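What follows is a short report on a single structure.
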Amino acid sequence: MATQSDLFGASVDGPSAEGGVAGLSAWDGVVTSGEEAALIAAIDACALSPFRFQGWEGKRLTASFGWRYDFDTGAFGPTEPMPDWLLPVRDRAAALAGLAVDALVQALVIRYDPGAGIGWHRDRPQFEHVIGLSLGSAATLRLRRRTAAGRSGFARASAPLTPRGLYHLTGDVRQLWEHSIAPGDVPRWSITFRSLSETGRRAA
Ligand SMILES: O=C(O)CCC(=O)C(=O)O
Ligand SMILES: [Fe+2]
């Protein structure tokens, strides 16, 4: 049975400690261990390529379905449709987040080999809701938000990502906070579903 923890058990340091991190929810045990193994095998069977950003190549391996934002060129547009094996998890993700299934038009699959992580960022404004499923191993979603105090001031928070668990980023955590995952020493896989924002729909 999936359980939801509002605020995700996030621990927050600094100025926004009382407020927590609005917009962050998570559910444990959203897929079974058998489903997890099948999803990992399906991701590994995708044509994964290293994440590229303006000529720089990252260590994580990715493939996009439905819609694609190319960080190398800034191009945004439709791509290969979501494969059938992603649809049951997409439907579960949408139901838990309270969204229509057809709202989640993008899926990004990622494999993080040991030493691969994801640096500080906010997801592209062409997307709205962000829902991530973690597979294979635990990780920590690190969060930071610039404070009024000055250029180097950040409020920081973190939330545990459990394997087979799902997290949803909307509202403040999506719009105001940046997130990152430190490189691990064991592999981790993730599937991130996203809806289009008004900006994304206009660009489509
Ligand atoms: O692997 C994850 O759960 C995070 C992925 C992520 O932040 C992204 O692709 O924007
Ligand atoms: Fe992200």
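Everything quoted here is computed from the prediction, not taken from an experiment. Note that ligands are numbered from 1 as they come in the structure, with each ligand's atoms numbered from 1 the same way. Quick note: numbers below take in every heavy atom, side chains included, and nothing from hydrogens, waters or symmetry partners. Throughout, residue positions are numbered sequentially from 1 according to the sequence presented.
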Any salt bridge between Asp28 and Arg164, counting N to O under 4.0 Å? no

Using a 3.5 Å distance criterion without hydrogens, assess whether the side chain of Ser137 forms a donor-acceptor pair with backbone atoms of Pro187. yes

With respect to Thr192, determine whether any N or O atom, backbone or side chain, lies less than 3.5 Å from an N or O atom of ligand 1. no

On the ring face of Trp120, is Arg144 found with NZ or CZ under 6.0 Å from the centre and within 45° of the axis? yes

Does Ser190 have a non-hydrogen atom less than 4.0 Å from ligand 1? yes

Identity of the nearest option to atom 5 (C) of ligand 1, non-hydrogen atoms only, from Trp189, Phe127, Phe51, Tyr112: Tyr112

Closest to atom 9 (O) of ligand 1 among Arg111, Arg194, Arg122 (heavy-atom distance): Arg194

Identify the protein heavy atom lying closest to atom 6 (C) of ligand 1, giving its residue, its atom name and the separation to 0.1 Å. Ile118 CD1, 3.5 Å

Return yes if some donor-acceptor pair links the side-chain N/O of Thr62 with the main-chain N/O of Ile110 below 3.5 Å, else return no. no

Are Arg174 and Leu24 close enough, and set up right, to give a side chain to side chain contact (heavy atoms under 4.5 Å, CB included), and what steps lead you there? CA-CA 8 Å; Arg174 166 73 180 93; Leu24 179 59; over 6 Å; no

Salt bridge or not for Glu178 and Arg156, using N-O below 4.0 Å? no

Measure centre to centre between the rings of Trp67 and Phe76, then say whether the value is under 6.0 Å. yes

Angle at the Fe ion (ligand 2): provide the value between NE2 of His179 and NE2 of His121, rounding to 10 degrees. 90°

No-hydrogen, no-angle side-chain donor-acceptor test under 3.5 Å, Ser180 and Arg142: yes

Which atoms of ligand 1 sit under 4.0 Å from any heavy atom of Leu108? 9 (O)

Side chain Arg60, main chain Pro50, donor-acceptor under 3.5 Å: no

As an exercise, identify every atom of ligand 1 less than 4.0 angstrom from a heavy atom of Ile110. 5 (C), 9 (O)

Output the list of atoms in ligand 1 that are nearer than 4.0 Å to some heavy atom of Asp123, sorted by atom number. 10 (O)

Quick check: of its N, O or S atoms, which one does Asp123 have closest to the Fe ion (ligand 2)? OD1

Ile181: numbered ligand 1 atoms lying under 4.0 Å from its heavy atoms: 1 (O), 2 (C), 3 (O), 4 (C)

Could you identify the single nearest non-hydrogen protein atom to atom 3 (O) of ligand 1 and state the distance to 0.1 Å? Tyr167 OH, 2.6 Å

Within the structure, is a non-hydrogen atom of Arg188 found at a distance of less than 4.0 Å from ligand 1? yes

Are the side chain of Glu36 and the backbone N or O of Gly136 linked by a donor-acceptor pair below 3.5 Å? yes

Under 4.0 Å from one or more heavy atoms of His121, ligand 1 contributes atoms 6 (C), 7 (O), 8 (C), 10 (O)

Could you tell me which atoms of ligand 1, counted from 1 in the order shown, lie closer than 4.0 angstrom to a heavy atom of His179? 7 (O)

